[in-house]
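Data block below; observations after.
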Amino acid sequence: MPDSRSPVDASTTPKDLKVKISEQRLLIEWQDGGRSELAFAQLRRDCPCASCRTERESQSNNPLRILKSDPAGVRVTNARLVGNYAIQFFWSDGHSTGIFDFRFLRSLSRDPSAG
């Protein structure tokens with residue numbers, strides 16, 4: 001019996017997912033036929049973890065504040081699936097607490113500034 005709390009949504013369910021470490025890109029083919037290509041640099045800027053979100057929110061309240069770390073030179077060194085709903089990236093600066101769920105990744109790929 002399917003779990004009604006987490007219905008399958010073809011637009012946010014990957015059919016194929018490729019982590020291209022050498023190219024620093026994530027390629028996703030979705031069950032609904034859509035495709036996403038996301039640059040890791042963009043993913044780091046949009047990291048959903050609590051500490052990155054707090055840092056971004058503080059920055060928006062004070063445009064003169066200097067961020068603790070500039071993600072521009074940071075690279076993904078590894079990645080792993082988290083259950084069947086997300087992916088976790090391991091960054092060259094030791095950061096790894098951001099869990100990127102597939103709905104969030106699909107929303108980023110619809111953003112024209114992403115990628």
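Index from 1, following the sequence. None of the values given here were measured: they were computed from a predicted structure.
Residues Pro14 and Gln31 have side chains not in contact (no heavy-atom distance under 4.5 Å, counting atoms from C-beta outward). Using a 4.5 Å cut-off on side-chain heavy atoms (C-beta onward), Cys52 and Arg45 make no contact. Taking the side chain as every heavy atom from C-beta outward, Leu17 and Ile87 approach each other to under 4.5 Å. For the pair Ser36 and Leu27, the minimum side-chain heavy-atom distance is 4.5 Å or more. Contact of the Ile21 side chain with the Thr77 side chain is not registered, since no non-hydrogen atoms from C-beta on lie closer than 4.5 Å.
Nearest heavy atom pair, residue Asp93 against residue His95, reads OD1-N, 3.1 Å. Across all their heavy atoms, Cys47 and Gly98 have their closest contact at SG-CA, 3.8 Å. In terms of heavy-atom proximity, Ile99 sits nearest to Ala86 at CG2-CB, 3.4 Å.
Of the possible donor and acceptor atoms, one in the side chain of Ser92 sits under 3.5 Å from a partner among the backbone N and O of Arg75. Within the 3.5 Å criterion, the main-chain N or O of Val76 finds a donor-acceptor partner in the side chain of Gln24. Using a distance-only test at 3.5 Å, with no hydrogens or angles considered, no donor-acceptor pair links the side chain of Gln88 to the main chain of Ala79. Checked by atom type and distance alone, the side chain of Arg103 never pairs as donor or acceptor with a backbone atom of Thr12 at under 3.5 Å.
Follow the hydrophobic side-chain contacts under 4.5 Å out from Leu26 and you reach Leu81 in the same cluster. Under the 4.5 Å side-chain heavy-atom criterion for Ile, Leu, Val, Met, Phe, Trp and Tyr, Val19 and Tyr85 are members of distinct hydrophobic clusters.
Enclosure of atom CG in Asp16 by more than 12 non-hydrogen atoms of other residues, nucleotides or ligands within 6.0 angstrom is indicated.
Under a 4.0 Å N-O distance rule, the pair Asp46/Arg44 does not qualify as a salt bridge.
To the nearest 0.5 angstrom, Phe104 atom CZ is 8.0 Å from Leu43 atom CG. Distance check, rounded to the nearest 0.5 Å: NZ of Lys20 to CD of Glu37 gives 9.0 Å. The CZ atom of Arg25 sits 8.0 Å away from the CG atom of Leu38 when rounded to the nearest 0.5 Å. Once rounded to the nearest 0.5 Å, the distance linking CZ of Phe102 with OG1 of Thr13 reads 8.5 Å.
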Check your understanding: Should Arg35 and Ser109 be marked as a side-chain contact (heavy atoms from CB on, under 4.5 Å) after you check the CA-CA gap, both sets of side-chain angles, and the distance that decides it?
Key -> CA-CA 8 Å; Arg35 293 177 186 269; Ser109 67; over 6 Å; no
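Residues meeting the side chain to side chain donor-acceptor pair (under 3.5 Å) test with Asp32, sequence neighbours left out: Arg106. For Phe100, the ring-ring contact (aromatic ring centres under 6.0 Å, His included) criterion is met by Phe89, not counting sequence neighbours.
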